[in-house]
Each structure stands twice: as structure tokens, then as C-alpha cells.
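All chains are named by letter (A, B, ...) in the order of the sequence lines, taking the proteins before the strands, and each is independently numbered beginning at 1.
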Amino acid sequence: MPVTNADLAAAFGQIADLLELQQANPFRIRAYRKAARVVSELRLDVATHLAAGKPLPKLPGIGKDLGAKVAEFAATGHIALLDRLQRELPAGIADLLALPGLGPKRVRVLYDELHVHSLPQLLRAARDGRIRTLHGFGVRTEEKIAKAIEQHLGQVRRFKLATAAQYAAAVAAYLRRAPGVGDVIAAGSLRRCRDTVGDVDMLATSTDGGAVCGWLARYPDVAEVLASGPTRASVLLRADLQVDLRVVPPASHGAALLYFTGSKAHNIRLRNLALERGLKLNEYGLWRGREQLAGATEEDVYAALGLPWIPPELREDRGEIEAAAHGGLPSLVTRADLRGDLHVHTKWSDGTATIEAMAAAARERGLGYIAVSEHSRRLAVAHGLDPVRLAKQRGEIESVNARLHGISVLAGIEVDVLEDGSLDLPDEVLAPLDIVVAAVHSQFHLPRAVQTRRILAALDNPHVRILAHPLGRLIDQREPYDVDLLAVVRKCRERNVALELNAHPERLDLTDVGCRMARDEGVLVAINSDAHGVHQFDNLDLGVGQARRGWLEPAQVLNARPLPELRRWLDRD
DNA sequence: GCCGTTTTCGGCCCGACTGTTTTCAGTCG
């Protein structure tokens, strides 16, 4: 049974949950949570690394004790502490923590007093009216618990970034009409461009916060008002998306934006920096005693802490604070840097527009080239192209290039990687194309070693220049397939192949961590829309956000290169 | 359990809202 970083992170998370239920030292609990985060974002595969006899590198938040637990888990698949905690508390009790309003203290009371340790038991206790009898609980709490279990069984839902962004834009437009409101901006994970968003965090400036909070409560799409006070309010939209609003005076706008954008880990680091200087940072500003040193803008607050402004996409405590302190922040890629798009579909396979229409739409959006890369014959459901249709399409591409100015259409293909790692079209068909994009569209459940070998074999084909959506995930629908991404990235470097960041809202694949890995390993990333229609070039914005989360600069993005430079890269060997 | 240009002990981010308590604990972000 292979042990992955995700398994290790989950184990640390479970330890944190169970320690919390035992009311252990909160800082010890935090240490496990931080370790879980660090491990889950780690690029090297810990178990493989240790199995090869190499020492664990120095990792933030992982000292002697946790380092030993990492080794223990990698070697045995178990952590003695976790085993012991699981013996001491019933399985499943940690699930109760996921319910809104239930934390470790209350879960502990429910267990000690009512012997409740599962969601079904808790629901029965609520319906029987037993919860209201407990000290610290009441009828309201009992009702909320029953409702939460019935609605979702405690499951936390996350929304795709593009979906949440639409709701957020509508809420923001509504809030801008509130009486006495100044700025309105979406903060939180939406502003950090995370691929999924748990809830929408909205920040507004006003001198009358209560009025703005009340205005939100009357938003027509609100299903339930969860909380509302003079400075903050939370509502649940009918789509089941929670919106948290915070209102501050203009002099605190920057500090509040910083606080409400997060991430939590980034904020904690900043507050520690403030403490080291004898200052206090909160959502109202940076303070020395009662004197506000900064707060109106984010730049002011960072500057007062001795740092340049840090782009929101980087604020994950993944080294950005250290980089900022040493003048080493990346100059992140922007949408304006993109010169072309190397993965576009047309009516020839499953797209909705002609080659000419797609080219014209790309030109309108400031692009100088697109690569038409249809599916290959194997993907019959998408009208994949066989060699004959591919040759015919080539003729149409040439005529479009002759007619249209200011945009160049490259002849490409999104060729399927077959089960054995060979490609769906023969080399002599691929050779004359401008660009070959290889993609896995089948056999998602192969064992890790087999899947990895398959993809590495495809990358050995001399015509392949881009590996499309390298993880094969569909957000909310399909998990990424199990593959040794680091091995894939290193093969790409060896073969001078670029990795795609597919910017389709359901994919966003590579992930941010994958982009960072590509950057660290010196592999180019192509930010491609995978557009199937003329409006889908807008996907590129999503891709750029994710690329920025992965610290990518223009030099690391293949399609940030002007066409002549791109052609030189394509004409290697 | 981690960590150190106020180091190896004594710290560890900070404030708002809810429900229940009659002055505040628990939870959340």
C-alpha cells in the first residue's frame, strides 16, 4: 500500500482533530495542522524520498518530533500516536466537528453526557430533545444542529472559482447600491484565485456598518441570514453559497482587505512580524499602542512591516513573505503577457465555431496566434480527427491564414495517449504539424506506476511538445489520476516539452502547486483556454490566476512568447 | 509541537457574533 503525501497530511489532520477533542494544548494542535498543510503542498513525494535513503529536508513547522512521525508513517503506514488516539475515542466522532457551530468543546460535552459519537446519533439526540438539556446548549442550538445534519450531513461544499465569481459579482453590484457605502470588493480565496471557493468574502467601506449589513440581509437571493451585526454579516444564498460581509471605515480599508483576503496562514505570519516589532496588526490597522501606523491601503501596511506589496495569489505562506523580505518576489505573469493560445477546438471536432471565427475572436482578445488542436480519432464522441480529415483541415487552416491578418493559426492536434503510452496517430501524420499536444482521456484508474510509465512513454515521442491537462482532474467530478507528477515534470525537462495549464473552469489543471513544481524544475507552462467556442477565450483569465498562484513569470510561460520565438522553440532538434 | 537579528524557554494572531451565561465561553474566519 503506497503512502502518499495526501495520506500523511490526512493523518496529521486526524491527529489534530482528535487532540482537539481531548482538549490538548492548542499550540500542539496547531503544529499538527500546519504540518498537514506543509506536507500536502510539498512537491517531493515523502515516502519515495525516504525509501531511497535520503534525509527529509528542513521543512517549516516540521521539527524533530514531527519529522520522526513522517518517517514512521512513510515506513509503516501508521503513526502510533494516531492509533492510540483512535483507540481512545470512537471512530467518526471527528465528523461532528464539521458541523457549523460545533467545535471541540461542545462535541466533547455531547460525547461525555449523551454518548453521541456519530452524525445519526446526534440527529436522534436532537430530535428527542436531549441536547437542550445540556449545560451551555439550548433549544436554538438543538434546532441548528438538527437542521445542519438533515441538510448536508455535515459535508462542506466548495464552489468552482468561476461559479463563485459570478455570484460574487452580483452581490457586489447589489452592495454598491447600499446607502452610504464606499468601496466594495470581493476578498478571500476568490481574490487569491483559488481553484475552488468555500464562501464569498465581501469587504465594504462605510461609516454605518449596520446599515450595509442590513442591506445585504435584504438581498433578494438570500435564503437565510446566519448572522448580522454592526460590522459583519453572513448570509446563505439560495444556491447554498455563503456570503460573509465585513464593513469597516475607510481608514481601515487596507488592513481589512489584507485580513479578509487571507490566507489565514499568511495573516498569522504578518501578525507575528508585527509582534516582533512591538506592534499589533488587526483588521483595523497596524498599531503601536493606540496610534494607527497604517491601515488605509494594503501597501501602507506591508510597507510599515518592511515589505513590498504581495500579490493576493501568493498569500499562502508558501515562501512569499521570505521572498518579499529579500526582494525576491516573482514578477507574475498577467493576462496581457499572453501572446497566443495553443489549445483551441473548432467545429472540426467538438467545438462550436469555425476556424475563422475562433481566429477572429482570439485576435479581438489581443492574441497573435492560436493552435487549432482537435481531438484525435480515438475520441469518437468528440468527432476526433483521423489522418484524412486532419489533412483536409490543414487546407482550411492555410486558407484562413491567407485571408486573416493580425492572427496566425497553427496546425495542431490534441492526440490521445493510448493505454500503452503510444499515440492515437502515427508519427508520419504528426510530423508535419506545427504542434502536437498529447492528452490522456481514458484509463484514469491505472495504478500509479503504470499510469506514470504510460505518460512518460508518450513524452518520449519526438513530436509531442505539450502535455495537456497533466492531472486529468475535473473539479467536483473526477479526482486527478494517480501519477508521479515530479517524474512527469522531469521528463518534460529532459524532452523539452511544456506542461499545459488548461484554463477551462472545470479543469484548471495544472494546479497551483504543479505550476510551482514546473517553475522549480525549469519546465515551461502553456496557459491554454481549451476554448470550444468564441467566448471561452475568457477562460485564460482563470488560467492566469492559477499560474500566478504557482509563482509563474512571463519567461516561464510558453505562450507569453511572440510567434517567431515560439516557432524557434517548436523547431528544436 | 515549533521556534529563535530581544534564542534553548516561554512564547505562540486577533476580533466579532451567537446563544446562553447574567458577565462570558465557544465558535468562526
| message | A side-chain contact here means heavy atoms from C-beta on lying under 4.5 Å apart; do A/R158 and A/R194 qualify? | response | yes
| message | If I take atom CZ in residue A/F260 and atom P in nucleotide B/dA16, what distance separates them, rounded to the nearest angstrom? | response | 13 Å
| message | Rounded to whole Å, please give me the gap between CG in A/L134 and C1' in B/dG19. | response | 14 Å
| query | Just wondering, more than 12 heavy atoms not from A/E299 lying within 6.0 Å of its CD? | reply | yes
| message | Using 0.5 Å steps for rounding, measure from the CG atom of A/D17 to the CZ atom of A/R33. | response | 4.5 Å
| Would you say a side-chain N or O of A/T231 is under 4.0 Å from OP1 or OP2 of B/dC17? | yes
| request: To the nearest Å, give me how far apart CG (A/D244) and C1' (B/dT27) are. | output: 13 Å
| query | Nearest nucleotide by nearest heavy atom, which residue falls closer to the 5' end of DNA chain B, A/A227 or A/L281? | reply | A/L281
| Minimum-distance nucleotide to A/Y259 side chain [options: B/dG29, B/dG1, B/dG26] | B/dG29
| field | Phosphate contact (B/dG1 OP1 or OP2) by A/K69 side-chain N/O below 4.0 Å | value | yes
| query | OP1, OP2 of B/dA16 versus side-chain N and O of A/R232: anything below 4.0 Å? | reply | no
| query | Does any non-hydrogen side-chain atom of A/L18 lie less than 4.5 Å from one of A/L82? | reply | yes
| message | Does B/dT7 count as syn, meaning its glycosidic angle lies within 90° of 0, or as anti? | response | syn
| message | From CG of A/D199 over to P of B/dG29, roughly how many Å is that when rounded to an integer? | response | 6 Å
| Salt bridge or not for A/D45 and A/R448, using N-O below 4.0 Å? | yes
| Out of B/dA16, B/dC13, B/dG26, which nucleotide sits closest to the side chain of A/E283? | B/dA16
| Whole-Å gap separating C1' (B/dC24) and NE2 (A/H135) | 10 Å
| Contact under 4.0 Å: A/R271 side-chain N or O vs B/dC13 OP1/OP2 | no
| Length of the CZ-C1' vector between A/R33 and B/dC13, whole Å | 16 Å
| message | Under 4.0 Å, counting only non-hydrogen atoms across every strand here, what does A/P26 touch: a base, just sugar-phosphate, or nothing? | response | nothing
| task | Please report, rounded to the nearest Å, how far the P atom of B/dG15 is from the CG atom of A/N267. | result | 13 Å
| Heavy-atom side-chain proximity of A/W309 to A/T297 below 4.5 angstrom | no
| query | Which comes earlier along DNA chain B counting from the 5' end, the contact point of A/R246 or that of A/R28, where each point is its nearest nucleotide? | reply | A/R28
| task | Could you check if a side-chain atom of A/L97 sits within less than 4.5 angstrom of a side-chain atom of A/L102, using non-hydrogen atoms only? | result | no
| In Å, rounded to the nearest 0.5 Å, how long is the span from CZ of A/F260 to CG of A/N267? | 11.0 Å
| remark: Going 5' to 3' through nucleotides 2-12 of chain B and flagging B where a protein heavy-atom sits under 4.0 Å of the base, S where only the sugar-phosphate is that close, and - otherwise, we get SS--B-----B
| task | Determine the Euclidean distance between corresponding C1' atoms of B/dT27 and B/dC13; express it in Å to zero decimal places. | result | 16 Å
| request: Looking at every strand, decide which applies to A/V139 at a 4.0 Å heavy-atom threshold: base, sugar-phosphate, or nothing. | output: sugar-phosphate
| query | For B/dT8, which nucleotide in any strand shown is its Watson-Crick or wobble partner with both distances under 3.5 Å? | reply | none
| note | In numerical order, the residues of residues 314-325 of chain A whose heavy atoms come under 4.0 Å of DNA chain B are none
| request: Examine B/dT20: is either OP1 or OP2 under 4.0 Å from a nitrogen or oxygen in the side chain of A/T141? Give yes or no. | output: yes
| Main-chain N/O of A/L236 paired to A/E224 side chain as donor or acceptor, under 3.5 Å | no
| request: Please tell me if the side chains of A/E41 and A/D512 come closer than 4.5 Å, counting only heavy atoms from C-beta onward. | output: no
| task | Check whether any side-chain N or O of A/N282 sits under 4.0 Å from OP1 or OP2 of B/dG15, and answer yes or no. | result | yes
| Looking across every strand, which nucleic acid part, if any, lies under 4.0 Å from A/S234 by heavy atom: base, sugar-phosphate, or nothing? | nothing
| query | Can you find a donor-acceptor N/O pair under 3.5 angstrom joining the side chain of A/K105 to the base of B/dG26? | reply | no
| task | Mind telling me whether A/Y174 and A/Y219 have parallel, tilted or perpendicular rings, with 30° and 60° as the class edges? | result | tilted
| Protein-nucleotide distance (A/I29, atom CD1; B/dC13, atom C1'), rounded to Å | 16 Å
